[in-house]
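Contents: one structure, followed by commentary.
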Number of protein chains: 4
Amino acid sequence: MIKVGIVGGTGYTGAELLRLLAMHTEVDLKVITSRSEAGIPVSQIYPNLRQHLDLSFSEPNLDLLGECDLVFYATPNGIAMKNVRELLDGGVKVIDLAADFRLKDPAVWQQWYGMPHDCEDLLAEAVYGMPEVNREQIKTARLVANPGCYPTSVQLGFFPLLEAGLIDEKRLIADVKSGVSGAGRGASVANLLCETSESFKAYGVAGHRHLPEIKQGLSRISRKAADGGDIGLTFVPHLTPMIRGIHATLYGTLTKEISTEELQSLFEARYKDEWFVDVMPSGSQPETRSVRGSNQCRIAVYRPQDQDTVVVLSVIDNLVKGAAGQAVQCMNLMFGVDEQCGLRQVALLP
Amino acid sequence: MIKVGIVGGTGYTGAELLRLLAMHTEVDLKVITSRSEAGIPVSQIYPNLRQHLDLSFSEPNLDLLGECDLVFYATPNGIAMKNVRELLDGGVKVIDLAADFRLKDPAVWQQWYGMPHDCEDLLAEAVYGMPEVNREQIKTARLVANPGCYPTSVQLGFFPLLEAGLIDEKRLIADVKSGVSGAGRGASVANLLCETSESFKAYGVAGHRHLPEIKQGLSRISRKAADGGDIGLTFVPHLTPMIRGIHATLYGTLTKEISTEELQSLFEARYKDEWFVDVMPSGSQPETRSVRGSNQCRIAVYRPQDQDTVVVLSVIDNLVKGAAGQAVQCMNLMFGVDEQCGLRQVALLP
Amino acid sequence: MIKVGIVGGTGYTGAELLRLLAMHTEVDLKVITSRSEAGIPVSQIYPNLRQHLDLSFSEPNLDLLGECDLVFYATPNGIAMKNVRELLDGGVKVIDLAADFRLKDPAVWQQWYGMPHDCEDLLAEAVYGMPEVNREQIKTARLVANPGCYPTSVQLGFFPLLEAGLIDEKRLIADVKSGVSGAGRGASVANLLCETSESFKAYGVAGHRHLPEIKQGLSRISRKAADGGDIGLTFVPHLTPMIRGIHATLYGTLTKEISTEELQSLFEARYKDEWFVDVMPSGSQPETRSVRGSNQCRIAVYRPQDQDTVVVLSVIDNLVKGAAGQAVQCMNLMFGVDEQCGLRQVALLP
Amino acid sequence: MIKVGIVGGTGYTGAELLRLLAMHTEVDLKVITSRSEAGIPVSQIYPNLRQHLDLSFSEPNLDLLGECDLVFYATPNGIAMKNVRELLDGGVKVIDLAADFRLKDPAVWQQWYGMPHDCEDLLAEAVYGMPEVNREQIKTARLVANPGCYPTSVQLGFFPLLEAGLIDEKRLIADVKSGVSGAGRGASVANLLCETSESFKAYGVAGHRHLPEIKQGLSRISRKAADGGDIGLTFVPHLTPMIRGIHATLYGTLTKEISTEELQSLFEARYKDEWFVDVMPSGSQPETRSVRGSNQCRIAVYRPQDQDTVVVLSVIDNLVKGAAGQAVQCMNLMFGVDEQCGLRQVALLP
């Protein structure tokens, strides 16, 4: 059994982590900390956990966390980077679900997150926790930076095209739609039901923190960008009136002739060994509900009217494959457990 | 492994049964029939089952079904009663998720379902599949009538009060709110998103088919009604703009003095051995989302302003404890499997 | 033209008032105050008002307000009672959309609102702004207490039965369901889309502030209660996953024999001159969407299975007939304008 | 008063037309036909129209329609083209809300709508009812083809850029999201609340009927395309879990250098005289709810990270500016009534 601690489990990412870990057969959840809710049973805040989890939030305590094999940080950005060194030094592995260790360049981090980075050496060491590109490194990592929700859906959709050098890496468009849970559980007017239900809008058009993360990830695997070029990406996130789910609609400009059938084969071949990435049959229209509560990413690829624009549709549950599920997948890899362990739930549909 | 067949699996009850059975470790799903969808992979209609269930719908075929240990009927009302005798005679057990075997009196059945009953002897034999009142009979039943969704939520809420003879059994009120999935997956204008979303209404006020089922169930356990009296129940169902969930708000008139604390104790004692019935702490307000996708019923009891009206709040997921989950619970009992097997999922929240 | 001011227009009640007043042909909106948003154009917070309202929020200023004919208070409870005397003394009429002047008994007010009342004389003078019982008093009132949303839907449903002395006034049940906008526009976790969407729950079961308001209103018109008796009411409010709308399901115990047809006639006769109360044909099931954005209350009455329980269904838009619309209706009466002026919008359906 | 008839008013477009016309001061609604609902009061199907419209559906009858000044066709595609000639010959003007007269080329029409066109001469005569490009022609038209919902949102967003010759007309991308009411009021499984709520998906990626309509409209105004070139457009529609609203996110590749400020000025200048097109301040994020129930189109323009991709956000209510509202706007122009008459409602928010 993996002894697990969670720091900051009151948000939706924390709640989802608790849901998944409560059903995970190889995990012994030892401690969950929350300064604001210390002393309160977890199931009082999350009644779905009644009868499943007999644990209360406790004050953050590095000694208690130090007895764990693994600690998840489900805290706001900027917290983990201040705390993980002591845990790592004590032999505890860490997965950070916030953004602290996602960007390799501390200057870029500071530009987008508005504070200097506290531990650049750990930034260099941290492994980006996307098994579809980093499986081997994750297995041996001490510190994993769990990817963002938008970046997961966008990268999984673009990878096959960029790895094959098929599209103009300077002219990528990611039009992405997210459910409201992506905005977190903080008290805010903007995310009230009455503000977000029955409406649709774009936001962060001028620039969103996930933009540099996506560009970094795509640069790494792009054939051409690796040659020194840079990724050109227009990323427009949208708020959708639903709780869970991300739908990425990705546009690339083909630089080589390729048929719809070949595109389909390319995607199927790329992900044939990835249980959590499901390339759907040609002509499919993935629905976000088909992955609600599951760790799957479902993908379809199109070349409409045989124009030179290729369209990829990629859906995930932002709280699972886009957050807690991917973190559990990384945990499984780090501790030599079956990668699918605790992650085989069928999505809840309808 | 229990060899299982499903007749009519294209509706929401069937879909939910498939979801639960796909994750059930003691079940081998052999056949699922649908006249309209024969030949089509189940996962084409329910993409959440991709990678989990490699089975296609087939034409109804009693020979194939006859090789199963258990057959679930997830068909419209009036189908199972025409077909199950042959299966039962061949030693196959049957759980009917429709209403064919729920009412003991064939005349009442005909009155509410508009057709004569085909097999009154089986009606007499059938066991009402609510483990909280019928556990022992279910264990040895050949034929189980799975309760309706409204009746499950209402009966579980009224049982402790009626068993204790605390309320006037002539003056019960059940004001019940259901998500739209209770109306099924048939093509209809009435259940379009644009007709049901952002709106709330009552329906079936003059009389709903679940009324006689609830009255029958309550009569059976009521101390007073058992003495020859009859249950007086006003039942008003409402359509709520959400997919899953039933919230029953139940009103009874106290005929004896009892404090709030004693009411709480009464409910806790009644359900202390029922894992699927969770009596919440005094003052709780059960939310339907706290049982979304789970087989739990969560209950709270109140006596507002110390008046003589007792209020019970009872929530279930209409597709799980109100349909497919309760059917799986019965199956577990019938085959000697742990009652909770395949039913320990944590509800999906948020 | 009626010169109008609004104090505290940033909440949903204020926004709805602005929507209605912007389309009202007899109103000249002079000033709208908000301490927190002073200087900001109204249409920046409410973009639906772009091109309709060229006004900015300003600091509260009694001099400016004193130049108006009428001031609406759309503030939190406890504000209006501290401020209106000066306006009234200066000849300005006031409609308070909060609860400050709704309860006649200051002791009851203090009990439910947790603070002593500041001006008991004004409490005595204030007219409860429900035209269906108080039209003449409203016409000459200086100070109108605009009814609460739940109380409006519940009272309009019970009036005909209590006025006729047909039901047991000690045994009333009001099971009422509200959209989330009733909870206001404050930043709170409880009203986030992710907390309220796709879920249904009761709240305030032990006691809700609208309970004494409803009891006071019903006592006033009840034949029997007027003889010295008291109203016995169980009131259970529920939160429904939609933005607008209240659906009251009301239960009374008949004390006299009356047929369904006579009940229907009773309701039709009671409201035949009330354009904003629509008694629907027998057997109707009023939907909240049928009044979305309109000032109508739609009502249906049932006597299910000829039992002695009568059921009334009553729907309103909580922000219109339950708040801003009823306030405008009062304004029209107070200033001798056609009662329907500015309130003839057809509800938005779908 | 304009004597108006409606053919086929049972769908959502018809319902919205009724809502708008019931509040229009210059319209006398004489007849509304529906074969399936003949004899039934309109307000029985649309209870929001109770007290506003005392009219029943009648059998289609060209004599009655012939007495009108104007007939709206709110029928499925292919009906109007079979019937309008007789009306036009009799001096009745016609606005078709279906697609029968939208495409100028009968061969293209047949390709996308699957039937030969019945009256090519009328196709040539019909005026595309978008006042922002065709105001003068609409004023004198006998037959107006009301634009589709997607085409309205997309064209209004692209017009300023294409008219100015600023973007590559071969490389346009329109990623558009629609509420479910765009799919109509027909009984279908696909549009049930349980199939569409809490989910998001693309559809029609391989080709949607609004594609040729958009391309035709953009070709007409594009500086370059007018020189003989053709429009290259990738159009991906998506289904969004809400009732009303379209959000178009449009991407163009700049072919000339232009600053964000110049882009903003370009859009403001283009629409300064168009009351129904609201260019929002720089940095705005138009929400679909800001136009719910109103005839406005709200637009924002961006050039993210100063890349050569320009992003336009354009929102409309698909049933108003995208259907019935634009039709009423055309009617106003055709009959010399103030263009805004009956269309000044403030959008319903929240």
Side-chain angles (χ1 to χ4, degrees), chain B residues 170-173 175 177-179 192-208 211 232-236 238-247 249 251 253 260 282-290 292 300 302-305 307-311 313 315 348-350, chain C residues 170-173 175 177-179 192-208 211 232-236 238-247 249 251 253 260 282-290 292 300 302-305 307-311 313 315 348-350:
Chain B
K170 298 285 192 199
R171 228 171 250 298
L172 307 176
I173 290 174
D175 187 292
K177 301 85 176 172
S178 174
L192 296 176
L193 178 132
C194 295
E195 298 292 309
T196 51
S197 180
E198 277 294 307
S199 194
F200 187 93
K201 68 166 181 179
Y203 69 100
V205 186
H208 184 285
L211 177 66
L233 171 69
T234 300
F235 168 52
V236 181
H238 301 75
L239 198 63
T240 304
M242 60 188 186
I243 298 174
R244 288 168 180 251
I246 283 183
H247 185 292
T249 313
Y251 302 89
T253 306
T260 296
S282 188
S284 294
Q285 288 146 350
E287 304 170 88
T288 60
R289 65 176 185 151
S290 78
R292 181 165 47 213
Y302 284 86
R303 188 179 164 189
Q305 291 95 46
Q307 295 177 104
D308 64 359
T309 300
V310 59
V311 179
L313 313 176
V315 300
L348 196 68
L349 181 162
Chain C
K170 298 285 192 198
R171 228 170 250 300
L172 306 176
I173 290 174
D175 188 292
K177 302 86 176 171
S178 174
L192 296 176
L193 179 133
C194 295
E195 298 292 308
T196 51
S197 180
E198 277 293 306
S199 194
F200 188 94
K201 69 166 180 178
Y203 70 100
V205 186
H208 184 284
L211 178 66
L233 172 68
T234 300
F235 169 52
V236 181
H238 300 77
L239 198 63
T240 305
M242 59 189 187
I243 298 174
R244 287 169 180 250
I246 283 184
H247 185 291
T249 312
Y251 302 88
T253 306
T260 296
S282 187
S284 295
Q285 287 145 353
E287 304 170 88
T288 60
R289 65 178 186 149
S290 78
R292 180 165 48 212
Y302 283 85
R303 188 178 164 189
Q305 292 95 47
Q307 295 178 105
D308 66 357
T309 299
V310 59
V311 178
L313 314 176
V315 301
L348 197 68
L349 181 163

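Residue numbering restarts at 1 for every chain, and letters A, B, ... go by the order of the sequence lines. As the structure is a prediction and not an experimental result, all values here were calculated from the model.
Heavy-atom distances place no part of L193(C) under 4.5 Å from chain B, backbone and side chain included. Proximity to chain C is limited to the side chain of Q307(B), based on heavy atoms less than 4.5 angstrom apart. Looking at R303(C), there are no atoms closer than 4.5 Å to chain B (heavy atoms on both sides), in backbone or side chain. Interface remark: I243(B) contributes backbone and side-chain atoms alike to the contact with chain C (heavy atom separation under 4.5 Å). Contacts between Y302(B) and chain C at a heavy-atom distance below 4.5 Å involve the side chain alone, from C-beta outward. Heavy atoms closer than 4.5 Å to chain C are found in the backbone of P286(B), but not in its side chain. In this structure, chain B has a heavy atom under 4.5 Å from the side chain of V311(C), while its backbone stays farther away.
Of the listed residues T309(C), I246(C), T260(C), L349(C), the one with more heavy-atom pairs under 4.5 angstrom with chain B than any other is T309(C). Per-residue counts of heavy-atom pairs under 4.5 Å with chain B were compared for L192(C), T249(C), L239(C); the largest is that of T249(C). In terms of heavy-atom pairs under 4.5 angstrom with chain B, the leader among G204(C), A202(C), G179(C) is A202(C).
Between H247(C) and T240(B), the closest side-chain pair of non-hydrogen atoms is not below 4.5 Å. For the pair Q305(C)/L211(B), a side-chain contact is recorded, criterion being any heavy-atom separation below 4.5 Å from C-beta on. Counting only heavy atoms from C-beta outward, the side chains of V236(C) and Y251(B) approach each other to under 4.5 Å. In this structure the side chain of E195(B) reaches within 4.5 angstrom of the side chain of R289(C), judged on heavy atoms.
Between the side chain of R292(B) and the backbone N or O of S199(C), no donor-acceptor pair lies under 3.5 Å.
Salt bridge K170(C)/D308(B): absent, no basic N to carboxylate O contact under 4.0 Å.
Taking the side chain to side chain donor-acceptor pair (under 3.5 Å) definition, one finds that S290(B) meets it with R298(B), sequence neighbours left out.
Put simply, OG1 on T196(C) and CD on E287(B) are 9.5 Å apart, with the number rounded to the nearest 0.5 Å.
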